[in-house]
Amino acid sequence: MAGEHPTGQRGLFTPFNVVAGIILLAGGVLTVMRFTGGLAAVTALDDNNPWGLWIGFDLLCGVALAAGGYVTSAGAYIFGLKRFHAAVRPAILTAFLGYALVVLALHYDVGRPWRLPYPIFVSPGPTSLLFEVGLCVFLYLTVLFIEVTPAAFEWLKLTRLRALVVKLTLVLTIFGVVLSTLHQSSLGALFLIAPGKLHPLWYSGYLPVFFFVSSIFAGMSMVIFEGTLAHKYLHHKMDEAHKAGTLNVVLSFGKAAAFVMAGYFYIKIIGLAADDNWHYLATGWGLWYLLELFGFVAFPAFLYALGVREKNVRTIRVASLFAVLGVVLNRLNVSVIAFNWHLPLSQWYVPSIYEVGTSVFIVTLGIVAYKFAATHMPILHGHPDFEYEH
Amino acid sequence: MGISRRKFLGWMGAAAGAAAASMKPKAAAAAAAKSFPGHPDSLGVLHDTTRCIGCRKCEAACNEVNNLPKPEAPFDDLSVLERRRRTHAGSYTVVNKFSVPGKKDPVFVKRQCNHCLEPACASACFVQAFKKSEKGPVVYNEKVCVGCRYCMVACPFYVPAYEYDKALTPRVTKCTMCAPRIAEGKLPGCVAACPKEALTFGPRKKLLEYARARIAKHPDRYVGHIYGEREMGGTSWLYLSGVDFGHIGMDTGIGDLPAAAYTAGPLAAVPLVVGLWPVLLTGIWAISKRKEKRASDELSAALAANTAAHEQKKREELSALRQKLSKEKEAAVERAVKQALEEAEKEREQAAAEAGKEGGRQHEPAARQGGAEKGEAEQADKEN
């Protein structure tokens, strides 16, 4: 990517733009294929495996990794951790883009996307956990949209509107935490209805708690990880307050993530004990489970603790990468890999190249949108015309 | 953040009202019910697998009455039985063949929607596209279906299928128990077509009685279990078998709880989170605000105390300095007085000596003058 030119206008054909452009073009082709040939034309889904990569990655991982929005704003505005203020705007922006892309991805996955408002406005099915997820995601996307508007209003110099939204900060933050608690946990609870299909090592009555707690450190890790990328490629857009605040955020989030991950590790063990699933650990599935639990929960938790103790930002950043990968692995295990575990190998689902391509396309859309917003709006820096009293 | 208490309470009230309004009494009652024995007089089908010969006539009839597309292999081609099949968009029912260890003849089992008493698909559907009708069939309404396929994830029997190849109007498909034919007083297509009476249609309650009677009459022919009587809360389709149900592709570890029982807990937690989280979070906010205020109050109090102490110290130092100065001044005055007195004494002595010569009394006015000088110095000190 175009890291060598820290400032100034570059040509249109930077390596970043070219790669992004090709991916977006390919995405356009895939979109046409999907909406002319149906799901069969682009996915490897079948009647036994109705949910694939688009649900496992785009929806479950997308929502978990966008948890940085509620975690950061709760820390800054509810728990009074003023050191986090530099991280709030990029985290809220990432969350908003993340959720917007989740909803976009759903348009590809569901059969009749124009009916997506039906669960809320036409024929609500409140006995479904998916109803709860849908309602919460709809409301939370609205909350996030309102929360990102101050940056846009500053960019567009709409002072009065900005002041109005800033006044709502506390209520929006509380609303955001309530909605996030509900839908993060409900995404795990979705799978409770299929006890016979999900491998016992991943199926647990605590699934909603696992999903909620892991979303907390997923959000923190994503804020750290994304900060790493932003520092590398958007350093020139940051003001001194942001740069100074970032170190604080990395250390504080690293510390908090180490603790939350330790707690998560502990409740995962409790889940094993509660269902007496120890004997599964000696199987192939058990090894896979232990890899997830030790390689991508215990290890990054330890790295976080080490990095915080030695004030080593690099170690913390490596830890954040492992933690993010761990959350992705967990969500894919629950929704795709360990789901239908007892079916013969020939009936296993493996995503098609088009499904992977569509997911890459949607992630690329998010990166391009983030880059645009961070380049044009006061996200990584304050706006000179506005005071930041927090 | 300038939010008045009244405004805040108003918002909270509105949120609570909305939450309460969204909870339908029907859903709450369903969650509260301990068990649901099924609608009274609801219908079902008893499938006696010991009678099935795997002729696929039921598949053919199903295809015909539901106007399904032509099958890959014609229905008289029995070679398809060699591989394990499941229901698909174009086939609502399939017959599978199982070779059971220790048994000479294969066992044939028909698969289709079991029409659960408390269906997982209906519980999972977020637009209520599935409904358990009072007559027995679980019916699907394609007019509201979004195509999320959560019903397919939820179904413990792997029954609902999906029209993956339709770009704009894909539907979930499954056996309807021929609800339209039942409404006309006809038998379901498959039941009518079965040449061996392996399928019996009737009220579920009656079917259970038949099944028990058959087991009692031929205890050597059947295992003593009616699959579907209690599985997943009970199903409208019931099965009899001569071998363990696990050997003929039926999930025996499925449990007796209806699907809704697995999600009741998390659903019940929703209103609690909605009710308690704002209180908890506002409390944490208030505590952190209060702490902040106290810290800043303490800081300014400490600052004020420090300033006061500093001033006090300064005052004390000043007065000590003043005392020292005044003492020095006093000492200087005393010295001056002493000197003056000494001088006066000297003068007096001189004068006396002179007066001794002259015999004069002049020393008294000189002493009085020295005393006045001292008094003046004291007064000046007080003014300072």
For residues [X] and [Y], establish whether the separation of their ring centroids is below 6.0 Å.
X: B/Phe98; Y: B/His247; result: no
X: A/Tyr70; Y: A/Tyr140; result: no
X: B/His225; Y: B/Tyr239; result: no

Salt bridge between [X] and [Y], side-chain N to carboxylate O under 4.0 Å?
X: B/Lys132; Y: B/Glu118; value: no
X: B/Arg85; Y: B/Glu59; value: yes
X: B/Glu142; Y: A/Arg112; value: yes

Specify which of [options] makes the most heavy-atom pairs with chain B at under 4.5 Å.
options: A/Gly80, A/Gly125, A/Pro344; result: A/Gly125
options: A/Pro195, A/Ala189, A/Ala41; result: A/Pro195
options: A/Phe35, A/Phe79, A/Trp51; result: A/Trp51
options: A/Ser123, A/Gly38, A/Ala40; result: A/Ser123
options: A/Asp46, A/Asn340, A/Ile193; result: A/Ile193
options: A/Val122, A/Asp109, A/Leu179; result: A/Asp109

Please state whether the side chain, the backbone, both or neither of [X] comes within less than 4.5 Å of a heavy atom of chain A.
X: B/Ile254; result: neither
X: B/Thr87; result: backbone
X: B/Ala122; result: backbone
X: B/Ala89; result: backbone
X: B/Cys125; result: backbone

Using heavy-atom distances under 4.5 Å, tell me whether [X] contacts chain B through its side chain, its backbone, both, or neither.
X: A/Phe121; result: neither
X: A/Asn49; result: backbone
X: A/Leu190; result: both

What residue in B/Leu168, B/Leu257, B/Asp165, B/Leu276 has the most heavy-atom pairs under 4.5 Å with chain A?
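When all of B/Leu168, B/Leu257, B/Asp165, B/Leu276 are compared, B/Leu168 has the most.
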Taking every heavy-atom pair that is under 4.5 Å apart, which of B/Val270, B/Ile287, B/Asp251, B/Asn141 has the most such pairs with chain A?
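Ranked by heavy-atom pairs under 4.5 Å with chain A, first place is B/Val270.
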Is it the case that A/Ser186 and A/Glu132 place a side-chain donor and acceptor less than 3.5 Å from each other?
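A/Ser186 vs A/Glu132: donor-acceptor pair found between side chains.
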If you take all heavy atoms of B/His88 and B/Ala161, which pair is closest and at what distance?
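Closest pair (atom of B/His88, atom of B/Ala161, distance): C-CB, 3.5 Å.
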Shortest non-hydrogen separation from B/Gly90 to B/Leu68 and the atoms involved
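B/Gly90 and B/Leu68 have their closest heavy atoms at O-CD1, 3.4 Å.
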Evaluate the criterion side chain to side chain donor-acceptor pair (under 3.5 Å) for residue pair A/Thr181 and B/Trp277; output intermediate values, then yes/no.
CA-CA 9 Å; A/Thr181 308; B/Trp277 247 221; 2.7 Å; yes
